[in-house]
Amino acid sequence: MPSAELVVASTLGVKSLEECLRTRRSCHDFGWDPLTEQELLGLCWAGQGITGPGGQRTAPSAGAVHPLELYVVAGTGIFHYEPEANRLEQVARGDRRPALCAAAQSQDVIGLAPATLVIVAVEGRMDPRYGARSRHYELVETGHVAQNVLLAATAMGICATPVGALDDSAVRDVLDLPPNHTPLYLVAVGHGADRASIGASR
Ligand SMILES: Cc1cc2nc3c(=O)[nH]c(=O)nc-3n(C[C@H](O)[C@H](O)[C@H](O)COP(=O)(O)O)c2cc1C
């Protein structure tokens, strides 16, 4: 598995931040070819990668508590991003993308995306420190993570769209998560349709 530095150097591209900010667009026009593991890892690293000696990450977190987890739902199964190892751990086999699509109001953007990142809040992690304010911080931090992913996708030439219209508990069921894990936001990702390779299966 490549180190975080290698992922940054080889995957995230060389576009300037200004260019990424200028050109980021939600995109619904996905090709059929799947993203590579390294591309998915690069996106996850952008969202939650560890970058500091105290476990600080690419996205800020109130009190550095880090209440969020990242999952990838792809054709081959479901993967959990492990920031410490910078790797994707397979947690389920089989194609759960149709079920995820159904849990997101059957939107084509999820149905057609080769993969979708799921940002999940682990309720209880922040509560000892922030009490009732925790839910607010979880939502704010979800935005930080999603924007990192979207800008990284832009840098990598990957098509990406944030999706907030989802049934939290239905997505929780798709991912087989415990009750205190709340899916908050999805980011559908894939290559643009112009890159579709003939005969590639989903
Ligand atoms: C909080 C939030 C929720 C969104 N939910 C959806 C969604 O459920 N489905 C969808 O296709 N796009 C969704 N989008 C994407 C917006 O439609 C998109 O950002 C908007 O049209 C502006 O286009 P742009 O992202 O290209 O600037 C969402 C965006 C945000 C910020």
Side-chain angles (χ1 to χ4, degrees), residues 12-13 15-35 39-40 42-44 46-48 57-62 66-75 78 81 95-123 126 133-175 177 181-196 202:
L12 295 191
K15 286 185 191 168
S16 70
L17 177 58
E18 180 184 348
E19 187 181 356
C20 293
L21 288 167
R22 260 185 220 289
T23 58
R24 181 211 61 79
R25 273 287 74 84
S26 294
C27 163
H28 296 72
D29 203 11
F30 296 113
W32 297 104
D33 56 329
L35 296 181
E39 286 172 324
L40 290 169
L43 294 173
C44 290
Q48 281 287 269
R57 301 188 186 181
T58 49
S61 175
H66 303 294
L68 305 177
E69 299 290 331
L70 260 185
Y71 289 83
V72 177
V73 179
I78 299 178
Y81 178 63
D95 189 356
R96 308 243 184 130
R97 291 175 301 176
L100 184 66
C101 178
Q105 299 187 353
S106 299
Q107 293 187 70
D108 281 348
V109 66
I110 299 298
L112 297 175
T116 296
L117 274 62
V118 184
I119 303 173
V120 173
V122 181
E123 288 171 15
M126 285 203 132
R133 192 71 179 156
S134 302
R135 300 290 88 73
H136 178 97
Y137 288 163
E138 288 162 6
L139 293 171
V140 170
E141 293 190 23
T142 295
H144 285 302
V145 170
Q147 185 71 4
N148 280 6
V149 171
L150 295 171
L151 289 173
T154 306
M156 296 159 70
I158 287 171
C159 201
T161 297
V163 168
L166 58 118
D167 177 332
D168 301 357
S169 66
V171 174
R172 181 189 293 124
D173 288 347
V174 172
L175 271 64
L177 297 173
H181 285 48
T182 303
L184 294 175
Y185 209 20
L186 311 176
V187 184
V189 293
H191 295 299
D194 51 337
R195 273 194 45 150
R202 298 186 68 230

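Here the structure is a predicted model, which is why all the values come from computation and not from measurement. As the structure lists them, so they are numbered: ligands from 1, and atoms in each ligand from 1.
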Which pair of heavy atoms, one from [X] and one from [Y], lies closest together, and at what distance?
X: Thr154; Y: Lys15; value: O-NZ, 2.9 Å
X: Pro162; Y: Tyr185; value: CB-OH, 3.2 Å
X: Pro114; Y: Asp33; value: CG-O, 3.7 Å

Proximal protein residues to ligand 1, non-hydrogen atoms under 4.0 angstrom
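Within 4.0 Å of ligand 1, protein side: Arg24, Arg25, Ser26, His28, Gln107, Val109, Thr161, Pro162, Val163, Gly164, Ala165, Tyr185.
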Side-chain contact, heavy-atom cut-off 4.5 Å: Glu141 with Met126?
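Yes, at least one pair of side-chain atoms sits under 4.5 Å.
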Out of the candidates Leu117, Val145, Thr116, only one should pair with Val187 under the side chain to side chain contact (heavy atoms under 4.5 Å, CB included) rule; please name it.
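The residue from Leu117, Val145, Thr116 that satisfies side chain to side chain contact (heavy atoms under 4.5 Å, CB included) with Val187 turns out to be Leu117.
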Salt bridge (Lys or Arg N to Asp or Glu O under 4.0 Å) pairs, two or more places apart, involving residues 20-32:
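Passing the test, one end in residues 20-32: Glu18-Arg22.
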